[in-house]
Enquirer: 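Please find one structure pasted underneath; my questions will follow.
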Amino acid sequence: MVSLFNTLSKKKEIFSPEDGTTVRMYNCGPTVYDRAHIGNLRAYIFSDTLRRVLSYVGFNVLQVMNITDVGHLSSDQDSGEDKMTKGLKREGLPLSLEGMKELAERYTLLFEEDLSSLNIIHPDVMPRATDHIPEQIDLIRRLEEKGFTYVIANDGVYFDTSKDPNYGRLGGLTPISEARDSAVSSFKHGPRDFALWKFNKNMGWESPWGKGFPGWHIECSAMSMKYLGESFDIHTGGIDHIPVHHNNEIAQSENATGKPLARFWLHNAFLTINEEKIAKSIGNALTLPNLTKQGITPLSYRYWLLTAHYRSPINFSWKALAGAHTAYEKLKSRISNMPTGGSLDIAYDAKFRSYIGDDLNTPKALSLVWDIIHDEDVAEEVKRATILDWDAVLGLQLNETKDVNIPEDVKELLHRRKLARESKHWDTADSLRSEIEKKGFLVKDTPEGQKLVKK
RNA sequence: GGCACGAUGGCGAAGUGGUAACGCGACGGUCUGCAAAACCGUUAUGCACGGGUUCGAUUCCCGUUCGUGCCUCCA
C-alpha cells in the first residue's frame, strides 16, 4: 500500500492508479539554459524515487518529463528576464531560434549526463517544448473558443483568470499586493492573468494570433495531456511551482477539457546551502561536477538526499556530504563482503515496504538497511540479497564494485613491501607505504594480505 | 508588509501523546610490528523560549523569538 501527500488536499491519501495497473505520471523538467545545480537535481531524484517505489509495489509506470527548450527571447515587465535569453547572452549565441536550439541541445545533453550519473531511470518520454508548438496552439484555441482568453495588441494572448471560479485550487496563492497590482494591471486585465502566447514580429512560430512564442505554462499542459491523456494520476514538481506554474497549468488544462488534470500533486522541498536557497544570483549554485571535484560522487549525493524526507528542506554542507559519502562507501563495501546466494528476508521487506509506502519515507528505509546489517540473527547472504532487492528503490548501485586500476609501479612497490614485512624490515615497509601513498593509494593490511584503496 | 513553513545532539536527519531512529564525527576497545582500514561498544535526562490542555508533551493549543520560502522566472 502506498500513501502519498497530495498538495491538493494537504494530506496523505492512499494511492492507486486510476486504471488499476499503470501509473501515468508527469514531472516538471528542466529549462535547458544552463547546467542543472544540485538543488534542481533533487526534484529529479525525488521523481525517480517515486517511480521506483511505485514499480516496487507492483504498478507499471508511464513517466513523462518535459524539456523546456524555449523562451520568448525578449524581456518585458511581466516576466523578468527570460532564461533562454539569459543563456544566449552568457554563451555569446545569437538571439534567434537557431541560437536557442543550439543552447538547448548543449544543456539537454548535460542534463542527460546528470540523470545517468545519478542512476535516475530515464523517463519513458522526454518531450521538448519546441517539438509541440502545434499542440500548444491547439490548446490555446480551445481556451479561446470557450472564452477564457483575451488579446493585448503587440503583447500577447492572455488567460483570463476571472473567468475561472476555481482558479488557484492547488493553493499557495498569496494576496495581491497593492504595489504589484497597480504596476502589473496597467496592461493585463487581472494581476494573475498569464500569457498563453507572446507576440514577436521578428521571430518565432506562426499562430492564428500572430507570430511569436508560447507562454510559460502552456507547454506542460499540452505535452502532459498528449502523452498521458487529459486526466492522469500524478504530477510532480518543486514546491516553488505550486502558486503560479501549477495553478496556471490546472486552469489552462481543466478549463479546456472540463476534466481534472491530475489526481495527485506532489512537491519536493528545496535544498538549502547555509539555510539559504540555491540561486545563481547568490553564487551558491553547485553542480555535480563541482561535487565530484571535492571527492563526492553523484551517488553519494543521492544517498545523502535519501537520508532526508523529500518534503523537508535539507541543508547542504561539505561536512554533511562527506559524512554521507563515507557512509555510502562503507555500505557498499560491507555488502560486497557478504556472500551471494541468499534470499529476501520477508519480515524486513514488509517493514521496508511500509516505510517507502508511507509517503516515501526514505530516511526510515535507509535506517532499516543499517538495522539489518547489524542484526546478528539474519544470515549474511540474506542481508545481501535483501538489501540488493531494496536497491531497486534506493537506486544506489550497491552491487557495483569498483575495480581499482593499479599501475605497474605501484604493484612493484606493493610487492617489495610485502617482502619487507615478511622479513620484518619495518622501516623499509613503512617508507614503501608512504611512497605508495604519494602515488595516490592507501594500503590496508587485512588478514588476506595487502589491499589498496584509492585516495 | 502580506501569506506559508520550520526550529531535534558537534554535523546531516527521522520520529512519537507515555519518555528520542539511522548515518557521519568523537571517545573507548578488538585487531595490527606500528598505523590505517575493518569490526564491536559508548555518545541528546533532551527535542528554540514562555504559558496552556492532559495522569503524562519534544509530539496538541496560544504567544514570543529566530530562520527560511513565496508574493517576477525558479527544482
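Atoms considered below: every heavy atom in the structure, side chains included; atoms not considered: hydrogens, waters and symmetry mates. Chain identifiers are assigned alphabetically (A, B, ...) following the order of the sequence lines, protein sequences preceding nucleic acid strands; residue numbering begins at 1 within each chain.
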Enquirer: Answer yes or no: does atom NE2 of His122(A) have more than 12 heavy-atom neighbours from other residues, nucleotides or ligands under 6.0 Å?
Expert: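 Yes, because the 6.0 Å sphere around NE2 of His122(A) holds more than 12 heavy atoms from other groups.
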Enquirer: Output yes when a side-chain donor or acceptor of Ser253(A) lies under 3.5 Å from a complementary backbone atom of Ile250(A), and no otherwise.
Expert: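 No: the side chain of Ser253(A) does not pair with the backbone of Ile250(A).
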Enquirer: Looking at Asn315(A), does any N or O in its side chain come under 4.0 Å of the phosphate oxygens OP1/OP2 on G12(B)?
Expert: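 Result: yes.
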Enquirer: NA contact type, Pro30(A), heavy-atom cut-off 4.0 Å: base, sugar-phosphate, or nothing?
Expert: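 The answer is nothing, as Pro30(A) stays clear of every strand by at least 4.0 Å.
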Enquirer: When the C1' atoms of U42(B) and G9(B) are compared, how many Å lie between them, rounded to an integer?
Expert: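 It comes out at 14 Å once rounded to the nearest Å.
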Enquirer: Please answer whether the main-chain N or O of Leu398(A) pairs with a side-chain N or O of Asp391(A) as donor and acceptor at a distance below 3.5 Å.
Expert: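 Yes, because the side chain of Asp391(A) sits within donor-acceptor range (under 3.5 Å) of the backbone of Leu398(A).
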Enquirer: Would you confirm whether Asp445(A), through its side chain, and Gln450(A), through its main-chain N or O, come within 3.5 Å as a donor-acceptor pair?
Expert: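 Such a contact is absent between Asp445(A) side chain and Gln450(A) backbone.
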Enquirer: Taking the nucleotide of RNA chain B with the nearest heavy atom to each, does Thr31(A) or Ser317(A) sit closer to the 5' end?
Expert: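 Closer to the 5' end of RNA chain B: Ser317(A).
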Enquirer: Assign His267(A) to base, sugar-phosphate, or nothing according to its heavy-atom contacts below 4.0 angstrom with the strands shown.
Expert: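 Touches nothing.
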Enquirer: With distance as the sole criterion, do the side chain of Asp371(A) and the base of A21(B) form a donor-acceptor contact below 3.5 Å?
Expert: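 Flag unset: no donor-acceptor pair detected.
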Enquirer: Treating Asn337(A) as the side-chain partner and Ser333(A) as the backbone partner, does any N or O pair qualify as donor plus acceptor under 3.5 Å?
Expert: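 Yes; at least one donor-acceptor contact below 3.5 Å.
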Enquirer: Asp124(A) vs Arg51(A), test: salt bridge (Lys or Arg N to Asp or Glu O under 4.0 Å). Steps then yes/no.
Expert: CA-CA 11 Å; Asp124(A) 302 286; Arg51(A) 180 210 172 109; 3.5 Å; yes
Enquirer: If you look at every strand shown and take non-hydrogen atoms under 4.0 Å, does Gly237(A) touch a base, only sugar-phosphate, or nothing?
Expert: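 Gly237(A): backbone/sugar contact only, no base atoms under 4.0 Å.
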Enquirer: Please state how far atom CZ in Phe316(A) lies from atom P in A13(B), giving the value in whole angstrom units.
Expert: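 One finds 12 Å between P of A13(B) and CZ of Phe316(A), rounded.
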Enquirer: C1' atom, A13(B) versus A44(B): distance in rounded Å?
Expert: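 Result for the C1' pair: 14 Å, nearest Å.
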Enquirer: Does the side chain of Thr272(A) get closer than 4.0 angstrom to OP1 or OP2 of G69(B) through an N or O atom?
Expert: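 Result: no.
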Enquirer: Enumerate, in order of first residue number, the stems that involve RNA chain B, defined as 3 or more consecutive Watson-Crick or G-U wobble pairs with both distances under 3.5 Å.
Expert: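 Stems (3+ consecutive pairs) listed as B:1-7 with B:65-71, B:10-12 with B:22-24, B:25-30 with B:38-43, B:48-52 with B:60-64.
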Enquirer: If the C1' atom of U43(B) is compared with that of C49(B), how far apart are they to the nearest Å?
Expert: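 That atom pair is separated by 27 Å.
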Enquirer: May I ask you to decide whether Arg106(A) forms a salt bridge with Glu102(A), counting only side-chain N to carboxylate O separations under 4.0 Å?
Expert: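 Looking at Glu102(A) together with Arg106(A), the answer is yes, because their closest N to O distance falls below 4.0 Å.
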Enquirer: Just how far, in rounded Å, is C1' of C73(B) from CG of Asn248(A)?
Expert: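 These atoms are roughly 12 Å apart.
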Enquirer: At 4.0 Å (heavy atoms only), tell me whether Tyr44(A) reaches a base, stays on the sugar-phosphate, or touches nothing.
Expert: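 Sugar-phosphate, no base atom in range.
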Enquirer: Please give, in whole Å, the distance from A4(B) P to Leu173(A) CG?
Expert: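 Going from Leu173(A) (CG) to A4(B) (P), I get 12 Å.
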Enquirer: Lys319(A) side chain N/O closer than 4.0 Å to the phosphate oxygens (OP1, OP2) of G23(B)?
Expert: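 Answer is no, no contact under 4.0 Å.
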Enquirer: Please report the closest heavy-atom contact between Phe213(A) and Gly204(A), naming both atoms and the distance.
Expert: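 Shortest heavy-atom separation between Phe213(A) and Gly204(A) comes out as CZ-CA, 3.9 Å.
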Enquirer: Answer with base, sugar-phosphate or nothing: what part of the nucleic acid does His241(A) contact at a heavy-atom distance below 4.0 Å?
Expert: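 If one applies the 4.0 Å heavy-atom cut-off, His241(A) turns out to touch the sugar-phosphate alone, with no base involved.
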Enquirer: Is there a donor-acceptor pair under 3.5 Å between the side chain of Glu219(A) and the backbone N or O of Asp69(A)?
Expert: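 Not confirmed, Glu219(A) side chain does not pair with Asp69(A) backbone.
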Enquirer: Quickly work out the Leu115(A) CG to A75(B) P distance and round it to whole Å.
Expert: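 Taking atom P of A75(B) as the reference, CG of Leu115(A) is at 14 Å.
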Enquirer: Which pairs with one or both residues in residues 348-380 of chain A pass ring pair (Phe, Tyr, Trp, His ring centres under 6.0 Å), sequence neighbours excluded?
Expert: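 For residues 348-380 of chain A: Tyr56(A)-Phe352(A), Phe352(A)-Trp390(A).
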Enquirer: Atom CH2 of Trp265(A) and atom P of A75(B): how far apart are they, to the nearest Å?
Expert: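 Spelled out: CH2 on Trp265(A) to P on A75(B) is 16 Å.
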Enquirer: Suppose you measure atom C1' in G6(B) against the same atom in C47(B); what distance do you get, rounded to whole Å?
Expert: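 Comparing C1' positions in G6(B) and C47(B) gives a spacing of 14 Å.
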Enquirer: Send over the distance from His246(A) NE2 to A75(B) P, rounded to a whole Å.
Expert: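 Roughly 10 Å, once rounded to whole Å.
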Enquirer: Does the side chain to side chain contact (heavy atoms under 4.5 Å, CB included) test come out yes or no for Phe194(A) and Thr161(A), once each step is laid out?
Expert: CA-CA 8 Å; Phe194(A) 54 91; Thr161(A) 52; 4.2 Å; yes
Enquirer: Measure CE/Met84(A) against P/C74(B) and give the value in whole Å, please.
Expert: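 Between P of C74(B) and CE of Met84(A): 14 Å.
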Enquirer: Between residues 355-370 of chain A and RNA chain B, which residues have a heavy-atom gap below 4.0 Å?
Expert: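 Going residue by residue through residues 355-370 of chain A, the ones with a heavy atom under 4.0 Å of RNA chain B turn out to be Asn361(A), Pro363(A), Lys364(A), Ser367(A), Trp370(A).
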Enquirer: Which nucleotide in the list A13(B), C74(B), G23(B) gets nearest to the side chain of Ile314(A)?
Expert: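 Among the listed nucleotides, the one closest to the side chain of Ile314(A) is A13(B).
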Enquirer: Taking only the P atom of each, what is the distance from G12(B) to A7(B) in whole angstrom?
Expert: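 So the two P atoms sit 13 Å from each other.
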Enquirer: Which residues in residues 411-434 of chain A have a heavy atom closer than 4.0 Å to any atom of RNA chain B?
Expert: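 Those residues are Arg417(A), Arg421(A), Trp426(A), Asp430(A), Arg433(A).
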Enquirer: Is there a donor-acceptor contact under 3.5 Å from the side chain of Thr108(A) to the main chain of Ala104(A)?
Expert: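 The answer is yes, because a donor-acceptor pair under 3.5 Å joins these two groups.
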Enquirer: State, to 0.1 Å, how close Asp233(A) and Val23(A) come at their nearest heavy-atom pair, and which atoms those are.
Expert: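 Shortest heavy-atom separation between Asp233(A) and Val23(A) comes out as OD2-CA, 3.5 Å.
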Enquirer: I'd like the P distance from U8(B) over to C27(B), given in whole Å.
Expert: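 Their P atoms lie roughly 25 Å apart.
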Enquirer: Between U59(B) and A75(B), how many Å separate the two C1' atoms, rounded to a whole number?
Expert: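 Going atom to atom, C1' in each nucleotide, I get 30 Å.
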Enquirer: Which atom pairs link the protein and nucleotides 38-41 of chain B when you take only N or O atoms and keep those under 3.5 Å?
Expert:
| from | atom 1 | to | atom 2 | distance (Å) |
| --- | --- | --- | --- | --- |
| C39(B) | OP1 | Arg334(A) | NE | 3.4 |
| C39(B) | OP1 | Arg334(A) | NH1 | 3.0 |

Enquirer: Between the side chains of Asp358(A) and Lys12(A), is the shortest nitrogen-to-carboxylate-oxygen separation below 4.0 Å, so that they form an ion pair?
Expert: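 So Lys12(A) pairs with Asp358(A) through a salt bridge.
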Enquirer: Please report the distance, rounded to the nearest Å, between CD1 in Ile242(A) and P in G69(B).
Expert: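 Atom CD1 in Ile242(A) sits about 16 Å away from atom P in G69(B).
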Enquirer: Who are the side-chain contact (heavy atoms from CB on, under 4.5 Å) partners of Ser431(A), not counting sequence neighbours?
Expert: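 If we apply the side-chain contact (heavy atoms from CB on, under 4.5 Å) test to Ser431(A), skipping adjacent residues, there are no hits.
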Enquirer: With rounding to whole Å, what would you report as the distance between C40(B) and G50(B) at their C1' atoms?
Expert: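 The same atom, C1', in both gives a distance of 44 Å.
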Enquirer: Considering heavy-atom distances to RNA chain B, does His217(A) or Asp445(A) have its closest nucleotide positioned more toward the 5' end?
Expert: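 Comparing both residues, the 5'-ward one is Asp445(A).
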Enquirer: Should the pair Arg311(A) and Phe5(A) be classed as cation-pi, given the thresholds of under 6.0 Å to the six-membered ring centre and 45° from the axis?
Expert: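 Flagged: Arg311(A) positioned over aromatic ring of Phe5(A).
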